[in-house]
Amino acid sequence: MSGDTLPMHLAQDGPSESYEDLLSQWSDLESGLGMLLAVPDNVDSFHQKVRQYDRWMQDLLEQDADTALYLLFQMAGTSIAGYSTTHSLVCAALCHIIALELQLPSAQRDSLVAAALTMNISMTALQDELAEQTTRPSVEQQTNIDAHSVKSCMLLARVGIKDELWLAIVASHHENLPLTLPGSVPDPVLRLTHILQVIDRYAAMISPRRSRPGRSVTDSLRAVISASQGRHDDVAQALVRHVGLCPPGTYVRLDNQDLAVVLRRTAQLNQPLVASLIDPRGEPFPHPRLRNIALGEQRIQAAVPSDAVKLMINHAVMISVARSQQPRGF
């Protein structure tokens with residue numbers, strides 16, 4: 001199918017049943033997590049509920065990693081509504097991926113992902129408000145932003161969280177961490193907090209606000225690496241190795257000047273399967289055209305931010321075709 005337009009029956013008939021089910025599950029997961037984060041004091045067995053959402057997320061990632069990434073990066077890059085919950089879910093999924101790539105002990109992985117899901121729990125409503133406003137934070141808002149790490153830790157302890165590693169990561173996820181020497185074995189709190197900080201910055205940069213567009217994934221990755229102050233950062237490297245330079249769900253400009261969306265990763269970091277959406281004149285293709293970069297069908301010139309694509313995408317078509325290719329799991 002490489003180089004062809006997408007099949008007419010996919011473009012006309014709407015979402016397949018499997019696509020509808022997958023999208024519905026991600027939507028239900030995000031909605032349920034949103035309620036959990038909005039009213040934690042009213043949730044019975046809060047700890048168990050977080051673990052349930054974690055397992056649900058893992059199941060969806062394991063079904064088809066590329067489709068999961070496509071949906072996650074689309075959520076992160078194209079929507080402001082419900083920003084806080086979306087950001088937490090994207091961070092948790094990426095932390096899970098990095099934890100597997102770095103072969104973290106399962107207990108550390110669990111604490112890291114739980115911290116990613118709940119790191120901003122004391123400012124869920126405020127974070128949504130900030131994403132929508134075009135002005136700088138007020139003095140009161142800034143005070144709450146500055147205190148949210150400690151307040152989130154205290155809130156989690158109040159609702160029954162006793163996992164000290166989870167609490168410590170949340171409490172320190174905005175602190176300036178000390179540099180560690182090459183080859184040294186960092187304290188687990190420092191190690192896991194650093195992972196969350198890298199993921200948090202990366203996901204925040206690609207996400208738009210009302211006050212600014214999101215950055216491209218490559219610009220975001222460069223900024224994360226730059227923040228490492230010149231040291232080798234295995235977290236950023238793991239992101240590149242396993243999520244890719246241009247992950248599924250993000251946008252790229254090809255060397256023929258097409259604008260395309262990335263559908264699936266391949267074994268080569270910068271040679272994914274993409275679908276051209278907009279031609280060099282700025283006109284949408286009647287039917288998106290598949291380009292297998294790994295087979296030499298065009299090259300990626302640059303990643304572009306999501307606001308560069310002024311087009312409503314039929315995700316049913318994209319995911320149906322992407323899932324017809326050989327999936328790459330985690």
Side-chain angles (χ1 to χ4, degrees), residues 29-54 57 76 80-96 107-133 135-178 187-205 207 209-211 227:
L29 172 57
E30 185 181 20
S31 176
L33 179 63
M35 289 189 289
L36 185 76
L37 297 177
V39 288
D41 287 302
N42 297 339
V43 176
D44 293 329
S45 305
F46 182 88
H47 181 275
Q48 285 77 10
K49 290 284 174 47
V50 172
R51 296 302 186 202
Q52 287 172 6
Y53 285 119
D54 178 12
M57 179 192 74
I80 296 174
Y83 172 86
S84 189
T85 299
T86 298
H87 180 71
S88 295
L89 183 56
V90 170
C91 286
L94 293 177
C95 281
H96 169 71
Q108 290 189 15
R109 177 259 164 226
D110 291 347
S111 297
L112 172 63
V113 170
L117 288 170
T118 59
M119 60 183 167
N120 300 318
I121 196 169
S122 67
M123 59 174 286
T124 300
L126 174 58
Q127 199 171 31
D128 287 344
E129 182 182 326
L130 291 168
E132 293 281 358
Q133 74 182 44
T135 57
R136 294 178 62 85
S138 67
V139 173
E140 181 182 0
Q141 286 175 327
Q142 190 61 56
T143 299
N144 288 327
I145 292 168
D146 294 341
H148 85 274
S149 297
V150 172
K151 284 187 175 181
S152 292
C153 178
M154 294 171 63
L155 191 159
L156 290 169
R158 187 173 73 237
V159 297
I161 301 305
K162 302 185 186 304
D163 181 336
E164 294 185 2
L165 189 52
W166 175 353
L167 295 173
I169 299 167
V170 169
S172 59
H173 78 275
H174 277 294
E175 291 183 4
N176 292 323
L177 301 181
D187 176 86
V189 173
L190 296 179
R191 171 70 164 151
L192 299 179
T193 301
H194 173 64
I195 293 172
L196 182 54
Q197 287 184 347
V198 171
I199 298 301
D200 190 15
R201 286 196 297 267
Y202 175 74
M205 287 176 190
S207 301
R209 311 281 197 286
R210 192 69 66 192
S211 59

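Just so it is clear, the model here is predicted, and its values are computed rather than measured. Positions are given from 1 along the sequence. Because only heavy atoms are used, hydrogens play no part in the values below, and waters and symmetry mates are left out as well, while side chains stay in.
Scored by the ring pair (Phe, Tyr, Trp, His ring centres under 6.0 Å) test, His148 finds His173, His174 as partners (sequence neighbours excluded).
Here the CZ-CG distance, from Arg51 to Leu117, works out to 9.0 Å after rounding to the nearest 0.5 Å. Remark: Tyr83 OH to Leu130 CG distance equals 9.5 Å, nearest 0.5 Å. Summarising the geometry, atom NE2 belonging to His47 is positioned 6.0 Å from atom CG belonging to Asp163; distances are rounded to the nearest 0.5 Å. A distance of 4.0 Å separates SG in Cys95 from CG in Leu112, rounded to the nearest 0.5 Å. In this structure, the separation between CG on Leu192 and CD on Gln108 is 5.0 Å, given to the nearest 0.5 Å. We find the CD1-CG distance between Ile161 and Leu155 to be 10.0 Å, quoted to the nearest 0.5 Å.
Annotation: side chain of Asn144 is not in contact with side chain of Met123 (no heavy-atom distance under 4.5 Å). Annotation: side chain of Leu36 is in contact with side chain of Phe46 (closest heavy-atom distance under 4.5 Å). Residues Lys49 and Met35 form no side-chain contact, since every pair of their non-hydrogen atoms from C-beta on lies 4.5 Å or further apart. Between Glu175 and Thr193 the shortest side-chain heavy-atom distance does not fall below 4.5 Å. Between Val198 and His194, some side-chain heavy-atom pair lies under the 4.5 Å cut-off. Within the 4.5 Å cutoff, the side chain of Thr124 has no heavy atoms near those of the Asn120 side chain. Within the 4.5 Å cutoff, the side chain of Leu33 has no heavy atoms near those of the Met57 side chain.
Nearest heavy-atom pair, Ser172 versus Ala168, reported as atom, atom and distance to 0.1 Å: OG-O, 2.7 Å. Residues Ala157 and Leu167 approach most closely at N-CD2, 4.0 Å, considering heavy atoms. Heavy-atom minimum distance, Ser149 versus Val170: CB-O, 3.6 Å. Annotation for Ala203 and Val90: closest pair CB-CG1, 4.1 Å, computed over non-hydrogen atoms.
Checking side-chain atoms of Ser84 against main-chain N and O of Asp128 turns up no donor-acceptor pair under 3.5 Å.
Tested against Thr118 for a side chain to side chain contact (heavy atoms under 4.5 Å, CB included), the candidates Val159, Ile169, Leu156 yield a single pass: Leu156.
Around atom CG of Asp41, more than 12 heavy atoms belonging to other residues, nucleotides or ligands sit under 6.0 Å away.
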Open item on the list: What verdict does the side-chain hydrogen bond (donor to acceptor under 3.5 Å, both in side chains) test give for Gln142 and Asp146, after you've listed the backbone C-alpha separation in whole Å, the side-chain angles of each residue and the deciding distance to 0.1 Å?
Closed with: CA-CA 6 Å; Gln142 190 61 56; Asp146 294 341; 2.9 Å; yes
Please report the C-alpha distance between Asp54 and Arg109 in whole Å, then the side-chain angles of each, then the deciding distance to 0.1 Å, and finally whether the side-chain contact (heavy atoms from CB on, under 4.5 Å) criterion is met. CA-CA 11 Å; Asp54 178 12; Arg109 177 259 164 226; 2.7 Å; yes
